[in-house]
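Inspection log for the structure reproduced underneath, given as structure tokens.
In the text below, chain A, chain B and the rest are named by the order of the sequence lines, each starting its count at 1. This structure is a prediction, so every number in the text was calculated from the model and none was measured.
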Amino acid sequence: MIRCASLSLTLSHRPVLHELSWDLAAGSVWGIIGPPASGKSVLVKTLCGLFTPQRGTLHVDGVEMTRLPEPARVDVRRKMGMLFQNNALFDFLRVWENVAFPLARQDPELSREELAARAGERLRAVGLAGSEEKWPSELSGGMKKRVGIARATICNAPVLIYDEPTAGLDPVTTSKIYDLLTDLRTRHASTVIAISSDIPALRRFVENVLFLHQGRVLYRGPEAGLEACEDPVVYQFIRGLGEGPL
Amino acid sequence: MAGRVATSFGNLFAAVGAPVLALCAEVGGILTLLFRVLWCLVPPRFDLDETWRNLHKMGVKSVPIIVLTAFFTGGIMVIQAAVFVKKFGATSLVGWGAGYAVFREVGPMLLGLMFSGRVGSNNTAELGTMVVTEQIDGLRALSIDPVRYLLVPRVLSMIVMLFLLTILGDVVAILGAALFGTVLADVSLASFWVSFSQNVHVADVVHGLIKAAVFGFIVALTSCHFGITVKGGAVGVGRAVNNAVVAAALGIVLSDYLLTYALP
């Protein structure tokens, strides 16, 4: 579904991704973990075509993204739904309009009533029935995440990317969010990529893990194999040890 | 010795060169934005709903502050002139003086600066916050060009609204001048009107309105450029607003100087 080969990206004269190679099969569930500023968010934004790597290739569903001009990326982006770290809810739109926004762009023929109905249905699925007419500023952190998830998933895109879906949330809400993501994933058989600092919760959700440190891959493989990884950075990070190279 | 002199020159070049390069980068960014906005306008490719929303937000909501500013601007002109009007008995010049100054210079300039403070700074802060909270990335991830969707409607709205608000402001300023002239300089309304209508020409109004449209364009470009290029979170947004207001004020004063020479 997605194939990166030797991707390298430099931003503001600072190398962010370094010779990164990664294959994601359709329907697989990946977690990206790593210390802060290791390039996790930049990597997923690169997958969406928001950054253009200086070297390497990126194929999404067989289409090479890195050389595609901006207008030609539309079709590839339609295959992806993304929850941003800061939710990225448009604060000039009401909750239902936010959720319906990608749908309206994908299918301009849909009437306002149809869009509202579809958005309402998706909001009910994420447990936010009755919040349709609210503004994003009226929502709590957990509610914003849910709206972000509703927006990311409303088009039933084959690839779903969640950047910190549970950041700043309490354990109960975190658990509910992961239940929701699992449910959505099961129903639509999507390829899922999730970034989270809540390692235990993320590991329960994903099948495979990519460990990034300073833009380099230190581990790539099944979640169960992470414990056996002998890299000192990975060892320290997943066990939360105070002493080590980090 | 020679090495130390070379180092000193190097430091001097660096000290002078860095701000010059930064200025060139900002000017280049504004010109690039100008080109991208024009590209979206020919043929017109922008969001009408967003344009309508901005026209309301930037124009209708600015009416009270513009009316207040314009009314007292007209008043101030007469207060300043009242001493000499009484001294020389030049009551027949008050209407002309107020109209000429308000239409050609004071109206567009003060309203432009007020518009920059109210609408331009708000626009920069809003766009900057959208950058910081990844809303711009969110639009791009949905293959929506932020320039076409967000910036073009704002640029159009600011030009149109500053133009219309200047017409309103001019009328209110003249009313303010007439009222203050009656109260403070013993100039009757009839005398004010005769002086105004006989000496102020359509060209004076057009002169000011052309300036208003140009000022609106300058406020729009600077506020959008600094908003969309924000870096560094909340501190970056504050810095961008500051830069946008300074750049707009500078742009208004410089273009006013040039337009005053160029226009009839």
Surrounding [atom1] of [X] (heavy atoms of other residues, nucleotides or ligands, distance under 6.0 Å), is the total greater than 12?
X: Trp39(B); atom1: CH2; result: no
X: Arg73(A); atom1: CZ; result: yes
X: Arg36(B); atom1: CZ; result: no
X: Lys79(A); atom1: NZ; result: yes

Which atom names give the shortest non-hydrogen contact between [X] and [Y], and what distance separates them?
X: Arg77(A); Y: Arg140(B); value: NH1-O, 3.0 Å
X: Asn86(A); Y: Thr133(B); value: CB-O, 3.7 Å
X: Ser143(B); Y: Val74(A); value: OG-CA, 3.2 Å
X: Gln85(A); Y: Glu134(B); value: N-OE1, 3.2 Å

I need the [X] [atom1] to [Y] [atom2] distance, nearest 0.5 Å.
X: Cys155(A); Y: Leu142(B); atom1: SG; atom2: CG; result: 8.0 Å
X: Leu89(A); Y: Gln135(B); atom1: CG; atom2: CD; result: 7.5 Å
X: Phe84(A); Y: Ile136(B); atom1: CZ; atom2: CD1; result: 11.0 Å

- Side chain, backbone, both or neither of Leu93(A) within contact of chain B (heavy atoms, under 4.5 Å):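 Only the side chain of Leu93(A) comes within 4.5 Å of chain B.
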- [ ] Run the numbers on Lys45(A) and Asp137(B) for side-chain contact (heavy atoms from CB on, under 4.5 Å), then give the verdict.
- [x] CA-CA 9 Å; Lys45(A) 285 182 181 178; Asp137(B) 281 344; 2.9 Å; yes
Verify salt bridge (charged side-chain N to carboxylate O under 4.0 Å, His left out) between Arg105(A) and Asp47(B), making sure each step is shown before the conclusion. CA-CA 12 Å; Arg105(A) 298 282 147 179; Asp47(B) 193 284; 3.5 Å; yes
Asn54(B) and Phe92(A), any side-chain heavy atoms less than 4.5 Å apart: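 Side chain of Phe92(A) against side chain of Asn54(B), heavy atoms only: no contact under 4.5 Å found.
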message = Taking every non-hydrogen pair under 4.5 Å, which of Met130(B), Glu126(B), Arg53(B) racks up the most with chain A?
response =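 The candidate making the most pairs under 4.5 Å is Arg53(B).
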